[in-house]
Amino acid sequence: MANWQCVKQCGACCNLDPAERPDLEEYLSPAELAQYLSMVGEDGWCINFDHSSRECSIYPNRPRFCRVEPETFQDMYGVEPEELDDFAIDCCREQIEGVYGDRSLEILRFNKAIGF
């Protein structure tokens, strides 16, 4: 069993383009949805994503929906804590491949980090 982990300087999850996430209303509250949409820049990337460092500029204070935590995923997606690693890995792989491609350095780094 692989353990999920964030790969530093990836940032794929910071690509917030709502067109790529049509089901936002299913798992975000109205207030969270408003906050989410307020964070989307014209290019579809989070306004808090620093493209030069490829890091979140508000990481310690990022919203709940940006956190991969058992209670957050259970509440938002109905994922039980013991299923979090597999679910988060699938989500990250899908997002990284969608943003950077399935042969990108980012997906290779992620796969290596989780032991794929």
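Keep in mind that this is a model prediction, so the values were computed, not measured. Heads up: numbering here begins at 1 and tracks the sequence.
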TODO: Please identify each residue that fulfils side-chain hydrogen bond (donor to acceptor under 3.5 Å, both in side chains) with R109, with sequence neighbours left out.
DONE: none
Task: Partners passing side-chain hydrogen bond (donor to acceptor under 3.5 Å, both in side chains) against Q74 (at least two apart in sequence or in another chain) - done: E80
Can you give me every donor-acceptor pair (side chain of residues 86-94, partner residue at least two apart or in another chain, under 3.5 Å) with its distance?
unit_1 : atom_1 : unit_2 : atom_2 : d
R93    : NE     : N111   : OD1    : 2.9
R93    : NH2    : N111   : OD1    : 3.3

TODO: Hey, could you give me the CD1/CD1 distance between I107 and I96, rounded to the nearest 0.5 Å?
DONE: 4.5 Å
Open item on the list: Quick check for you: to the nearest 0.5 Å, what is the distance between L28 atom CG and E26 atom CD?
Closed with: 10.0 Å
Open item on the list: Could you walk me through whether L84 and V68 satisfy the side chain to side chain contact (heavy atoms under 4.5 Å, CB included) test, starting with their C-alpha distance in whole Å, then the side-chain angles of each, then the deciding distance to 0.1 Å, before giving a yes or no?
Closed with: CA-CA 8 Å; L84 178 62; V68 179; 4.2 Å; yes
- [ ] Quick one: sort the H51 and W45 rings into parallel, tilted or perpendicular, breaks at 30° and 60°.
- [x] perpendicular
- [ ] Could I get the full list of salt bridge (charged side-chain N to carboxylate O under 4.0 Å, His left out) partners for E32, not counting sequence neighbours?
- [x] R64
TODO: Give a yes or no on this: more than 12 heavy atoms of other residues, nucleotides or ligands lie within 6.0 Å of atom CD of E25.
DONE: no
Open item on the list: If I compare all heavy atoms of F110 with all of Q5, which pair ends up nearest, and what's the gap?
Closed with: CE1-O, 3.4 Å
- [ ] Kindly write out the residues that satisfy side-chain hydrogen bond (donor to acceptor under 3.5 Å, both in side chains) with D43, not counting sequence neighbours, or none if the list is empty.
- [x] none
Open item on the list: Among residues at least two apart in sequence or on other chains, which ones pass ring pair (Phe, Tyr, Trp, His ring centres under 6.0 Å) with F116?
Closed with: none
Open item on the list: Checking N48 now: which residues fulfil side chain to side chain contact (heavy atoms under 4.5 Å, CB included) with it, not counting sequence neighbours?
Closed with: M39, C46, S57, I58
Open item on the list: Holding to ring pair (Phe, Tyr, Trp, His ring centres under 6.0 Å), I want the full list of residues that pass it with F65, two or more places apart in sequence or in another chain.
Closed with: Y36
- [ ] Sequence neighbours left out, what passes side-chain hydrogen bond (donor to acceptor under 3.5 Å, both in side chains) with E97? Give chain and number order.
- [x] none
Task: I114 side, atom CD1; W4 side, atom CH2 - distance, nearest 0.5 Å - done: 10.5 Å
TODO: Check salt bridge (charged side-chain N to carboxylate O under 4.0 Å, His left out) between E69 and all other residues, then give those that pass, not counting sequence neighbours.
DONE: R67
Open item on the list: Does anything in residues 11-34 form a ring-ring contact (aromatic ring centres under 6.0 Å, His included)? List the pairs, not counting sequence neighbours.
Closed with: Y27-Y77
Task: 4.5 Å side-chain heavy-atom contact, R54 and F49 - done: yes
Listing, residues 6-19 side-chain donor-acceptor contacts under 3.5 Å, not counting sequence neighbours, or none:
unit_1 : atom_1 : unit_2 : atom_2 : d
K8     : NZ     : E55    : OE2    : 3.2
Q9     : NE2    : S53    : O      : 3.4
D17    : OD1    : A19    : N      : 3.0

